[in-house]
There are 2 protein chains.
Amino acid sequence: MEVKEFYSTEEKQLARFAKALSHPVRIYICDLLSKQTCCYSGDLAEEVPIARSTLSQHLKELKNAGLIQGEITPPKIKYCLNKENWAMAQKLFTEFFK
Amino acid sequence: MEVKEFYSTEEKQLARFAKALSHPVRIYICDLLSKQTCCYSGDLAEEVPIARSTLSQHLKELKNAGLIQGEITPPKIKYCLNKENWAMAQKLFTEFFK
DNA sequence: CCTTCGTTTCGTAATTTTACGAAATACGAA
DNA sequence: TTCGTATTTCGTAAAATTACGAAACGAAGG
């Protein structure tokens with residue numbers, strides 16, 4: 001028997017997006033990706049003052065939250081916003097603050 | 001000598017707000033407060049499926065992030081949105097997703 | 001003054017997050 | 001196939017988050 005969920009899908013999804021954005025470097029990355037179309041992990045690594053492995057973890061979290069996606073273009077990996085989910089996040093936040 | 005900050009004030013502030021909103025119960029609380037004007041910790045405790053002490057911790061986090069404020073009206077405490085910071089969060093998120 | 005009510009703080013535990021360097025992986029080029 | 005480049009995963013450690021119940025607290029009422 002399923003325990004009844006207290007929180008709505010929207011609430012959980014919004015919290016999930018918020019969590020993905022709860023670190024300055026992830027804000028920075030998304031901001032960059034929303035301005036230019038895409039970027040490479042390596043290019044980011046040169047800008048951002050953290051280890052590459054740590055950056056990779058942050059990218060993974062954004063990816064898990066669905067906000068970005070990575071496209072392999074050997075030997076690099078090109079990251080872009082996931083437009084669909086980005087729009088959904090935008091909508092959820094807009095609703096929330098309305 | 002101050003180490004130069006990599007992240008801008010806006011980035012850090014946005015991450016801070018996002019962090020405050022990164023848990024469903026805190027989304028729930030803010031949502032409630034944005035719809036009705038105010039509410040009491042006790043009333044929340046009856047709705048929400050967590051211990052009162054845990055709820056108190058969540059309220060504290062929202063307060064620390066500046067999103068809500070508590071007003072003592074003995075023997076209860078009335079919580080409201082902090083309108084000024086709420087507007088700021090709204091603006092930062094709107095900018096961010098634009 | 002002592003009790004009660006509403007709430008928060010304390011003590012504690014389990015889990016998650018953040019961070020790093022070393023090692024592993026994937027792929028194209030030599 | 002071996003090398004070099006780009007990136008991720010692993011192993012690890014420190015710190016933060018989330019959760020609970022018990023205890024403490026502050027103000028009003030008896």
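Since this is a predicted model, take the numbers as computed values, not measurements. In what follows, every chain begins at residue 1, and chains take the letters A, B, ... in the order their sequences are listed.
A:E11 places a side-chain N or O within 3.5 Å of a backbone atom of A:S8 that can act as its donor or acceptor partner.
The nearest whole Å value for the distance from the CD atom in A:E71 to the C1' atom in D:dT8 is 18 Å. At whole-Å resolution of the value, CD1 in A:I68 and C1' in D:dT8 are 13 Å apart. C:dT25 atom C1' lies 14 Å from atom NZ of A:K60, rounded to whole Å. As rounded to whole Å, 16 Å separates atom C1' of D:dT17 from atom CG of B:L59. In this entry the distance linking NZ of A:K78 with C1' of D:dT7 reads 16 Å, nearest Å. Remark: C1' of C:dT9 and CG of B:N64 are 14 Å apart, rounded to the nearest angstrom. The interatomic distance linking B:I77 (CD1) with C:dT9 (P) rounds to 9 Å, in whole Å. Rounded to a whole Å, the CG atom of A:D43 is 16 Å from the P atom of D:dT5.
Separating the CG atom in A:L33 from the SG atom in A:C80 is a distance of 7.0 Å, to the nearest 0.5 Å.
Using cut-offs of 30° and 60° for the angle between ring planes, the A:H23 and B:Y7 rings count as perpendicular.
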### Task
List the steps and the verdict of ring pair (Phe, Tyr, Trp, His ring centres under 6.0 Å) for B:F93 and A:F96.
CA-CA 11 Å; B:F93 275 105; A:F96 180 70; 8.4 Å; no
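Scored by the side-chain hydrogen bond (donor to acceptor under 3.5 Å, both in side chains) test, B:Q69 finds B:N82 as partners (sequence neighbours excluded).
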Can you check nucleotides 18-24 of chain D for protein contacts, nitrogen or oxygen pairs under 3.5 Å, and list what you find?
unit_1	atom_1	unit_2	atom_2	d
D:dT18	OP2	B:R26	NH1	3.0
D:dT18	OP2	B:R26	NH2	3.4
D:dT18	OP2	B:E61	OE2	3.3
D:dA19	OP1	B:H23	NE2	3.4
D:dA19	OP2	B:H23	NE2	3.3
D:dA19	OP2	B:H58	NE2	2.5
D:dA19	N7	B:Q57	NE2	2.8
D:dA19	N6	B:Q57	OE1	3.3
D:dC20	OP2	B:A51	N	2.9
D:dC20	OP2	B:T54	OG1	3.0
D:dG21	N7	B:S53	OG	3.1
D:dG21	O6	B:S53	OG	3.0

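Residues A:E47 and A:Y28 have side chains that bring a donor and an acceptor to within less than 3.5 angstrom of each other.
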